Amino acid sequence: SLTGAVYHGTQNLGGDSGDFMAWTADTRLDFTINGNNEFRMEADGDFKHTVDERVDAAKAEFYTRKPILTHPDVVRMKARDILRDYVRNVMTNHCKGQLVAVDRETAVMYQGELTRARDELILEINADIERLEQINDLELEEIDDENEITLIMGARNRELLQRLEFGAVISHAHNQRAHLDEWSSSSRIEEIKQQFKLPLVDENDEENQHGMAIVCVTRMLTTGFSNKVTQTIYIDRPMKGHELLQTIARVNRIYAEKN
């Protein structure tokens, strides 16, 4: 069983074809859950659950998972982390990623927050561009701070960063809220799928490339969808067994830029 992880695929088609990295351990929130199913958040702490002793483990699991995974502040923080991981580890390979959210509303929320995170990163880079552009490869190798590495890689690929796009692909539901319509339209879904399959960069033919970098889903495109330029899966809902294996298999297609 797994939730809150990043799976980076590689070209290795043997027993190990990718790497899992813990994700929720980096979340900068504290949650306190009480017996009334209420929670509060405090920034800049370790990710942990403090559950009132009156609530047993089963109830705590029920009460905490969905409210946390769908909370706008949590989605905003995770989207920022995902965008910066993508810039460091995926964009530089000219590859793409998928994000698996806990429900349709959250998938669409992630689409908007990834766009916000991209714009915030561009502003941060532009404010320090002269210094960032002077850092050479040898100096970069000595830097351990992930945020600094993100800024450097973003500065080196500013034009590419600026044209990154993010989509959502969700099923349609009767009487759904209007803001979900764009992402559940069959014509829009087909358009996003075609954009997502194109390379992020094609130096020989710009018409054969597209900036659709991360597509946010719940269950659509997690099985039966093949895209060789998908390098990374960001998992933010509980998954296990066959479904988990099918989902992470999306990244195991051969593509020259993967490493």
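Just so you know, residue 1 is the first one in the sequence shown, and it goes up from there. Model, not experiment: these values are computed from the prediction.
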Salt bridge check: are D128 and R131 linked by an N-O gap of less than 4.0 Å?
-> yes
Verdict with supporting geometry, R84 and E124, salt bridge (charged side-chain N to carboxylate O under 4.0 Å, His left out) = CA-CA 12 Å; R84 291 174 184 242; E124 190 174 348; 2.8 Å; yes
Is the shortest heavy-atom distance from the side chain of V102 to the side chain of D236 under 4.5 Å?
-> no
Is the shortest heavy-atom distance from the side chain of L164 to the side chain of L200 under 4.5 Å?
-> yes
Rounded distance (nearest 0.5 Å) linking atom CG of L151 with atom CZ of R88 = 10.0 Å
Full working for salt bridge (charged side-chain N to carboxylate O under 4.0 Å, His left out) between D73 and K78 = CA-CA 9 Å; D73 290 342; K78 287 184 176 180; over 6 Å; no
For E190 and Q194, test the side chains for any donor-to-acceptor distance below 3.5 angstrom and give the result as yes or no.
-> yes
Mind listing the closest non-hydrogen atom pair of Y86 and A213 along with its distance?
-> OH-CB, 3.3 Å
Establish, from distance only, whether the side-chain atoms of D103 and T106 form a donor-acceptor pair under 3.5 Å.
-> yes
With a cut-off of 3.5 Å and sequence neighbours excluded, list every side-chain donor-acceptor pair involving residues 165-175.
unit_1: H172; atom_1: ND1; unit_2: Q176; atom_2: NE2; d: 3.1
unit_1: H172; atom_1: ND1; unit_2: S184; atom_2: OG; d: 3.3

Can you see which heavy atom on L132 is nearest to which on A155, and at what distance?
-> CB-CB, 3.8 Å
Consider only side-chain heavy atoms of I, L, V, M, F, W and Y, link residues closer than 4.5 Å, and tell whether V217 and L198 are in one cluster.
-> no
Joint hydrophobic cluster, I149 plus V87, side-chain heavy atoms closer than 4.5 Å | yes
Side-chain (E133) to main-chain (E130) donor-acceptor, under 3.5 angstrom | no
Give a yes-or-no answer on whether the side chains of H94 and Q209 include a donor-acceptor pair shorter than 3.5 Å.
-> no
May I ask you to decide if C95's main-chain N or O and N93's side chain share a donor-acceptor pair within less than 3.5 Å?
-> no
Find the distance between CD1 (I233) and CG (L99) and round it off to the nearest 0.5 Å.
-> 9.0 Å
Counting only N and O atoms by type, is there a donor-acceptor contact under 3.5 Å from the side chain of N157 to the main-chain atoms of L160?
-> no
What distance do N126 atom CG and L121 atom CG have between them, rounded to the nearest 0.5 Å?
-> 9.5 Å
Could you tell me the separation between the CD1 atom of I192 and the CE atom of M212, rounded to the nearest 0.5 Å?
-> 5.0 Å
Electrostatic pair R156:D137 at N-O distance under 4.0 angstrom = yes
Taking atom CD of E203 as the centre, does the number of heavy atoms from other residues, nucleotides or ligands within less than 6.0 Å exceed 12?
-> no
If you measure only the distance, is there a donor-acceptor pair under 3.5 Å linking the side chains of T218 and R104?
-> no
Closest non-hydrogen atom pair, N89 against T92 = C-OG1, 4.2 Å
Quick check: does any side chain N or O of K96 sit under 3.5 Å from a backbone N or O of Q231, one acting as donor and the other as acceptor?
-> no
Atom pair CD1/CD1 of I135 and I143 - distance to nearest 0.5 Å = 4.5 Å
In short, M153 meets M91 closest at the heavy-atom pair O-CE, 4.4 Å
Below 4.0 angstrom, N of the basic side chain to O of the carboxylate: do E105 and R177 qualify?
-> yes
Find the distance between OH (Y110) and OG1 (T70) and round it off to the nearest 0.5 Å.
-> 10.0 Å
